[in-house]
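Single-structure report; data block below.
All values below come from the heavy atoms of this structure, side chains included, with hydrogens, waters and symmetry mates left out.
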Amino acid sequence: MYAQAIKNILLLLLLGVSLTQAAYKLQERYSWNQLDFAFPSERLKEQAIATGDYIPQNALPVGVEHFGNRLFVTVPRWRDGIPATLTYINMDHSLTGSPELIPYPDWRSNTAGDCANSITTAYRIKVDECGRLWVLDTGTVGIGNTTTNPCPYAVNVFDLTTNTRIRRYELRSDDTNPNTFIANIAVDIGKSCDDAFAYFSDELGYGLIAYSWEQNKSWRFSAHSYFFPDPLRGDYNIAGLNFQWGEEGIFGIALSPIRSDGYRTLYFSPLASHRQFAVSTRILRDESRTEDSYHEFIALDERGSNAHTTARVMSDDGVELFNLIDQNAIGCWHSSMPYTPQFHGIVDRDDVGLVFPADVKIDEHKNVWVLSDRMPVFLLSDLDYSDVNFRIYTAPLGALIENTVCDLRNNAYGPSNAVSLPKQQPPAVVTPIYKPYRPPQKPQLSTSWTPSSPPPRTYLPAVSAAGVGVGVGQSPVSSVSVSTSANGGLDVPKAYVFNQHNGINYETSGPHLFPTHQPQAPQQREALKSYVNARQSGWWHHHHQG
């Protein structure tokens, strides 16, 4: 116990050093060339490899979530040889490095095809504030033309205190269609833990499914144009590969803090789109509104060029983080501001480590977790398993947004940090056209992808058995001082901010708008001036009242 305590103290001290000295804000916590699983014994692992039940090169992590001393990682059964789909890392035993993934809650509960008792394939997952882990089992094995559906889509909820499943609910046949592919989940807790709803985005079936915990019932919003892809936004350039994911609809979803009317706002984007949309959970919680709620949905502006995103999350301070898969970056937006490019920021970018940042989460202590997995290379080309392919990063939210347009505590609204990507050399073209998660046979590439040399990144140190940190890098020290709370959260006064931009009220807990003593870049100063004038005019109220 004493040795473990020394390790934890040392890690926290080194974390503080690395956060102030790092050129990058996100700090690498775990990394793998290929995933490993915690089999009960080495003999059973060797047996699983011999029988093909475990094929290390076939495993790709896609989802991450943190709770207590556990970091959950999901591994879909896209290919053969995936021994477990819902796993975790014991962070007390593995502070850094390349730990084995432990099946959650146990091996038996990860048996493919055991519909009533197990999880067959999980994608992104969510821990709620009541200590429950929400997992949607897609019931699928395989990918593309190899896909089979041994089990139905089912909502599984686990009590993280007892590590037992407390609810399994199969989605109704009307909730899905032959094209359904669901990979994202958002959980909405209202007045109590029983007043809970989950929302699921159907990427290829173009729908949004709501589930009520209290009613143990689900319903589907579909045939809504905002759920469909933008035909002009289906071209992607990632990791030197050019491909088309043109049919990909509603994907990333995130919930705002509870508003003064008692409801949240659900934000979502189609994958083949640069635009975000919004709707009040007052609508989504009402089964009677599935067919007549078109005008309750709000279309926001585009983020800018090269701004495809698959995952988003919003803090209880109203800061939205989202992955920018074209840019190898994580973006941000403060929801009290207009949804326009000048109010979007980049919190971190890494052309090697963040190639396809597949998932981003904010935990109960306002720490951010990012999983990157080089997914397009895995699906369309060949990963180099002598190289690091999968990484999990972390950083306090306050440190991550420091000195960006999303930080309203100091240096507000500047410098300009719009979401965009500098022009690069044209990437290698991959044919035929590719549909994500259901690709055709792997194409033969005329060129291979080789990552460029990255600038120095400070990593969380490896810790030896004696508790001694190893390999802490040195990077320039930031000159910006920012106040954060002890847990890395935002140290700001609690004041509601109302932003009726584009017809919807954005309410967030944060500082008052428009501090006059803060420096502003000219572009943003003009945007704010126009915005304030519009807010104060009758024209704004007449045209934007939601």
Using the disulfide bond (SG atoms under 2.5 Å apart) rule, collect all pairs that involve [range], keeping only residues at least two apart or in two chains.
range           : answer
residues 56-129 : Cys115-Cys151
residues 36-86  : none
residues 43-101 : none

Polar contact flag, side-chain donor to acceptor under 3.5 angstrom, [X]-[Y]:
X      : Y      : value
Asn110 : Thr85  : no
Arg167 : Asn216 : yes
Thr394 : Asn367 : no
Arg165 : Asn156 : yes
Asn242 : Asp235 : yes
Asn328 : Asp351 : yes
Gln276 : Arg303 : no
Asn163 : Arg70  : yes

Do side-chain atoms of [X] reach the backbone of [Y] as a donor and acceptor pair under 3.5 angstrom?
X      : Y      : answer
Arg108 : Ser118 : no
Asn69  : Met91  : no
Thr121 : Thr140 : yes
Ser372 : Phe356 : no
Thr120 : Gly113 : yes
Asn323 : Thr310 : yes
Trp32  : Gly97  : no

Residues forming a side chain to side chain donor-acceptor pair (under 3.5 Å) with [X], sequence neighbours excluded:
X      : value
Ser31  : Glu28
Arg168 : Glu170
Asp53  : Thr51

(request) In sequence, state the C-alpha distance, the side-chain angles, and the governing distance for Arg374 and Val352, and then conclude on side-chain contact (heavy atoms from CB on, under 4.5 Å). (result) CA-CA 9 Å; Arg374 296 182 176 176; Val352 174; 3.6 Å; yes
Show, in sequence, the C-alpha distance, side-chain angles and deciding distance for Leu397 and Leu321, and conclude whether the side-chain contact (heavy atoms from CB on, under 4.5 Å) test is met. CA-CA 9 Å; Leu397 176 61; Leu321 299 179; 3.9 Å; yes
Starting from the C-alpha separation in whole Å, work towards a yes-or-no answer on salt bridge (charged side-chain N to carboxylate O under 4.0 Å, His left out) for Asp202 and Arg220. CA-CA 10 Å; Asp202 186 350; Arg220 177 184 176 92; 3.0 Å; yes
Checklist entry - Is it true that Tyr104 and Phe158 have ring centroids separated by less than 6.0 Å? => result yes
Validation row, ring centre Tyr169 to ring centre Tyr211 under 6.0 Å | yes
Of all residues at least two apart in sequence or in a different chain, which pass the ring-ring contact (aromatic ring centres under 6.0 Å, His included) check with [X]?
X      : value
Tyr199 : none
Phe268 : Phe227, Phe277
Phe67  : none
Tyr54  : Phe37, Phe39

message: Run the ring pair (Phe, Tyr, Trp, His ring centres under 6.0 Å) test on Phe181 and Tyr123 for me, step by step, so that the C-alpha distance in whole Å, both residues' side-chain angles and the decisive distance to 0.1 Å come before the verdict.
response: CA-CA 11 Å; Phe181 177 80; Tyr123 289 93; 5.2 Å; yes
Sequence neighbours excluded, the answer for salt bridge (charged side-chain N to carboxylate O under 4.0 Å, His left out) partners of Asp363 is none
Measure across [X] and [Y] and return the closest heavy-atom pair with its distance rounded to 0.1 Å.
X      : Y      : answer
Ile82  : Pro76  : CG1-O, 3.9 Å
Glu248 : Pro229 : O-CB, 3.3 Å
Tyr236 : Arg233 : OH-O, 3.9 Å

Sorted by chain and number, sequence neighbours left out, side-chain contact (heavy atoms from CB on, under 4.5 Å) with Pro40 holds for Leu44, Trp107
- Task: For the pair Phe378 and Trp78, name the ring-plane relationship: parallel under 30°, tilted 30 to 60°, perpendicular over 60°.
- Result: tilted
Hey, can you tell me if Tyr88 and Phe72 have their rings parallel, tilted or perpendicular (30° and 60° cut-offs)? tilted
Fill in: Ionic contact status for Lys361 with Asp359, cut-off 4.0 Å
yes
For Asp316, is there an ion pair with Lys366 - N to carboxylate O distance below 4.0 angstrom? yes
Could you check whether Arg285 makes a cation-pi contact with Trp219, meaning its NZ or CZ is under 6.0 Å from the centre of the six-membered ring and within 45° of the ring axis?
no
Do Leu35 and Pro61 have side chains that get closer than 4.5 Å, going by heavy atoms? yes
query = Going by heavy atoms in the side chains, are Ile182 and Thr180 under 4.5 Å from each other?
reply = yes
